[in-house]
Engineer: 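So that we are looking at the same thing, I have put the structure below in structure tokens.
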Amino acid sequence: MNADTTVSAPAADAAAGERADAPAAGEPASAAEVARRRWRASRYVLLTALALLTLVVILAALRPTVQPQYLDPESPSQGGTRALAQILGDRGVGVNVTRDASSAAARMGSDSNATLVVVRSERLTQADLDTLSRAPGDLLLVEPRQLALDRLAPGVRLATQSSEDRATPRCDLSAAAMAGEVGFQGSHTYEAPASAVKCYTAEGLPRLVRLPVNGRTVTVLGSGSPLTNQHLADDGNAALGMNLVAERPSVVWLIPNLPPVGGDGEKTFTELLPAGVKLAVLQLLIAVVITALWRSRRLGPVVAEPLPVVVRSAETVEGRSRLYRAQHARDRAADALRAGARERLVPMLGLPRSSAQDPAFAQEVVAALVSRAPWDATAIGIALYGPAPADDAELVRLTDFLDDLERQVRQS
């Protein structure tokens, strides 16, 4: 028999286009046709390579810019703070650099008239923060993480990242008012209690917060850039740094060493991931969503296209039979044989066609067959409605029985 299949309109158009592009038999392909074929064969490889190259460039651009010497008073690099430490020393303010929280707390205990400056708080463990919270004296936190804020500046929370460069104080804090305009080169903003002093606001949120905590003054600075060697001479950066750090006769500057591997169990997995990785994953998710929306576009109306060959019904039956046998699906094969036999027998018995697949009519169908065939009701009932065959031999016997049953009904 002839069989038809259905394909979408764009697919048919594409197939027609490919046939139109193909050269006639015996004619040499032109350079343009060869180029088109090579492009179709290699375009996915080239696009994949381009996507990987783009991802590498993006990750390189998002590489963290914070160096190990960042905010280190002993470092002369652009991100270090040696210039500020030397200026403070020239003014008679001693800067004691320590790289251990316990040592910093001990020095503050021996000199309560000092200011404790804490930088790189992401390196502090929960035990370090507990130790620092018990140390006396005023505290300056530079770019603190939320874990440090929760322990050392309760009530202050990280809000957003501001990209605004210069800002004016717009507050009553003398250290900020005397410094005037400051270049932050990007900064964290904070949410702070109403009792706190808020300076250098961006979009209504401060980048400098000062509040009393357990009898001491805690100052939170959202950016360490104004203190670095690179930007200390810009605007009022030097004045702000000196006013905040040198409010007391001496300074204990804590820049912690990296904690031992596995020594800090407070950070979550997402906190440990670099910002570049998070952005790369977000971009990949957006690309997947866009690709899914693109590929799920409407395919257009369905058109019919005749198959170029004639498929005989017997071949279809044999093919399905082989599939059933390969999967040992005797139950499905038996159900198909029984359903087909009932469909053919019911009209010959004068029963409605709907009764062929309705179990409620099973007794009527069997009773009608008993009067037309030489078998009892039990044998006919098992053949038409019984369980699945236990093996292939039983399936063959069921097939023979159903053939004989149909033959008897036709001849009666």
Side-chain angles (χ1 to χ4, degrees), residues 1-12 14-15 18 41 44-45 48 288 291-349 351-370 372-412:
M1 68 176 176
N2 292 330
D4 291 344
T5 184
T6 58
V7 296
S8 63
E18 290 181 359
Y44 294 111
V45 176
T48 302
V288 169
T291 304
L293 293 176
W294 168 55
R295 296 301 296 173
S296 63
R297 68 190 186 282
R298 186 174 181 270
L299 296 177
V302 177
V303 296
E305 181 179 281
L307 289 175
V309 295
V310 176
V311 180
R312 294 183 298 175
S313 58
E315 293 181 3
T316 304
V317 173
E318 291 177 1
R320 180 170 294 185
S321 301
R322 292 191 185 100
L323 290 176
Y324 283 150
R325 183 175 184 181
Q327 297 299 320
H328 303 286
R330 288 183 290 271
D331 52 346
R332 295 190 179 185
D335 290 341
L337 292 171
R338 286 163 171 161
R342 291 194 300 267
E343 290 286 349
R344 293 185 295 272
L345 289 170
V346 163
M348 292 186 290
L349 298 175
L351 297 174
R353 284 189 175 276
S354 60
S355 63
Q357 309 304 331
D358 190 349
F361 286 87
Q363 293 184 352
E364 296 184 23
V365 172
V366 172
L369 288 171
V370 168
R372 307 277 293 273
W375 295 285
D376 57 15
T378 302
I380 295 175
I382 292 175
L384 290 178
Y385 300 97
D391 51 30
D392 291 346
E394 188 173 339
L395 179 62
V396 172
R397 287 194 295 271
L398 172 63
T399 304
D400 294 339
F401 186 91
L402 293 175
D403 287 342
D404 293 341
L405 181 61
E406 288 186 48
R407 189 181 307 107
Q408 290 292 334
V409 173
R410 288 194 185 94
Q411 294 174 357
S412 60

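Note that this is a predicted model, so its numbers are computed, not measured. Counting from 1, the numbers follow the sequence of the chain as shown.
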Engineer: Mind checking side chain to side chain contact (heavy atoms under 4.5 Å, CB included) for A377 and listing every partner two or more places apart, or none if nothing turns up?
Structural biologist: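 Residues passing side chain to side chain contact (heavy atoms under 4.5 Å, CB included) with A377: V366, V370.
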Engineer: Would you please test L369 and L384 for side chain to side chain contact (heavy atoms under 4.5 Å, CB included) and show each step?
Structural biologist: CA-CA 11 Å; L369 288 171; L384 290 178; 3.3 Å; yes
Engineer: Can you name the side chain to side chain donor-acceptor pair (under 3.5 Å) partners of E315, sequence neighbours left out?
Structural biologist: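 If we apply the side chain to side chain donor-acceptor pair (under 3.5 Å) test to E315, skipping adjacent residues, the hits are R312.
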Engineer: Using the test side chain to side chain donor-acceptor pair (under 3.5 Å), find all partners of R320 that sit at least two apart in sequence or belong to another chain.
Structural biologist: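 Residues passing side chain to side chain donor-acceptor pair (under 3.5 Å) with R320: none at all.
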Engineer: Just to verify, what does R344 make a side chain to side chain donor-acceptor pair (under 3.5 Å) with, not counting sequence neighbours?
Structural biologist: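 Once residues adjacent in sequence are excluded, the partners of R344 under the side chain to side chain donor-acceptor pair (under 3.5 Å) criterion are E406.
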Engineer: Can you name the nearest heavy-atom pair linking A388 to R338, along with the distance?
Structural biologist: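 Residues A388 and R338, closest heavy atoms: N-NH1, 4.3 Å.
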Engineer: I would like to know whether R372 and Q408 meet side-chain hydrogen bond (donor to acceptor under 3.5 Å, both in side chains); could you show each step before the answer?
Structural biologist: CA-CA 7 Å; R372 307 277 293 273; Q408 290 292 334; over 6 Å; no
Engineer: What's the separation between atom CD1 in I380 and atom OH in Y385, rounded to the nearest 0.5 Å?
Structural biologist: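 Atom-to-atom, I380:CD1 and Y385:OH are 11.0 Å apart.
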Engineer: Residues in salt bridge (Lys or Arg N to Asp or Glu O under 4.0 Å) with R325, at least two apart?
Structural biologist: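 Not a single residue meets the salt bridge (Lys or Arg N to Asp or Glu O under 4.0 Å) criterion with R325.
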Engineer: Name all residues meeting the side chain to side chain contact (heavy atoms under 4.5 Å, CB included) criterion together with R353; count only those two or more places apart in sequence or in a different chain, and write none if there are none.
Structural biologist: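 R353 satisfies side chain to side chain contact (heavy atoms under 4.5 Å, CB included) with E343, P347 only.
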Engineer: Filter on ring-ring contact (aromatic ring centres under 6.0 Å, His included), then keep only pairs touching residues 319-349, sequence neighbours left out; what's left?
Structural biologist: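 Checked against ring-ring contact (aromatic ring centres under 6.0 Å, His included) - neighbours excluded - no pair reaches residues 319-349.
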Engineer: Start with the C-alpha distance between D400 and V396, add both sets of side-chain angles, then the distance that settles side chain to side chain contact (heavy atoms under 4.5 Å, CB included), and finish with yes or no.
Structural biologist: CA-CA 6 Å; D400 294 339; V396 172; 3.9 Å; yes
Engineer: Tell me every residue that passes salt bridge (Lys or Arg N to Asp or Glu O under 4.0 Å) with D404, counting only those two or more places apart in sequence or in another chain.
Structural biologist: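 With neighbours one apart ignored, the set is R407.
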Engineer: With sequence neighbours excluded, tell me which residues meet salt bridge (Lys or Arg N to Asp or Glu O under 4.0 Å) with E394.
Structural biologist: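 Salt bridge (Lys or Arg N to Asp or Glu O under 4.0 Å) list for E394, sorted by chain: empty.
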Engineer: Quick one: list whatever passes side chain to side chain contact (heavy atoms under 4.5 Å, CB included) with P352, sequence neighbours left out.
Structural biologist: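 Here the qualifying residues are S354, S355.
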Engineer: If you define the side chain from C-beta out and look only at heavy atoms, does anything of L345 sit under 4.5 Å from M348?
Structural biologist: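 Yes; the side chains approach each other to less than 4.5 Å.
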Engineer: Is the number of heavy atoms from other residues, nucleotides or ligands under 6.0 Å of Q411 CD greater than 12?
Structural biologist: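 Yes - once you tally the heavy atoms of other residues, nucleotides and ligands closer than 6.0 Å, there are more than 12.
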Engineer: Under the side chain to side chain contact (heavy atoms under 4.5 Å, CB included) criterion, do V409 and L349 qualify, and how do the steps go?
Structural biologist: CA-CA 8 Å; V409 173; L349 298 175; 4.3 Å; yes
Engineer: Considering residues at least two apart in sequence or located in another chain, which fulfil the side chain to side chain contact (heavy atoms under 4.5 Å, CB included) criterion with L337?
Structural biologist: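 So L337 forms a side chain to side chain contact (heavy atoms under 4.5 Å, CB included) with L395, T399, L402.
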Engineer: Under the rule for salt bridge (Lys or Arg N to Asp or Glu O under 4.0 Å), what residues qualify as partners of R330, not counting sequence neighbours?
Structural biologist: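 Salt bridge (Lys or Arg N to Asp or Glu O under 4.0 Å) check on R330 returns D392.
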Engineer: Is a donor on one side and an acceptor on the other found under 3.5 Å between the side chain of D358 and the backbone of F361?
Structural biologist: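 It does not hold such a pair.
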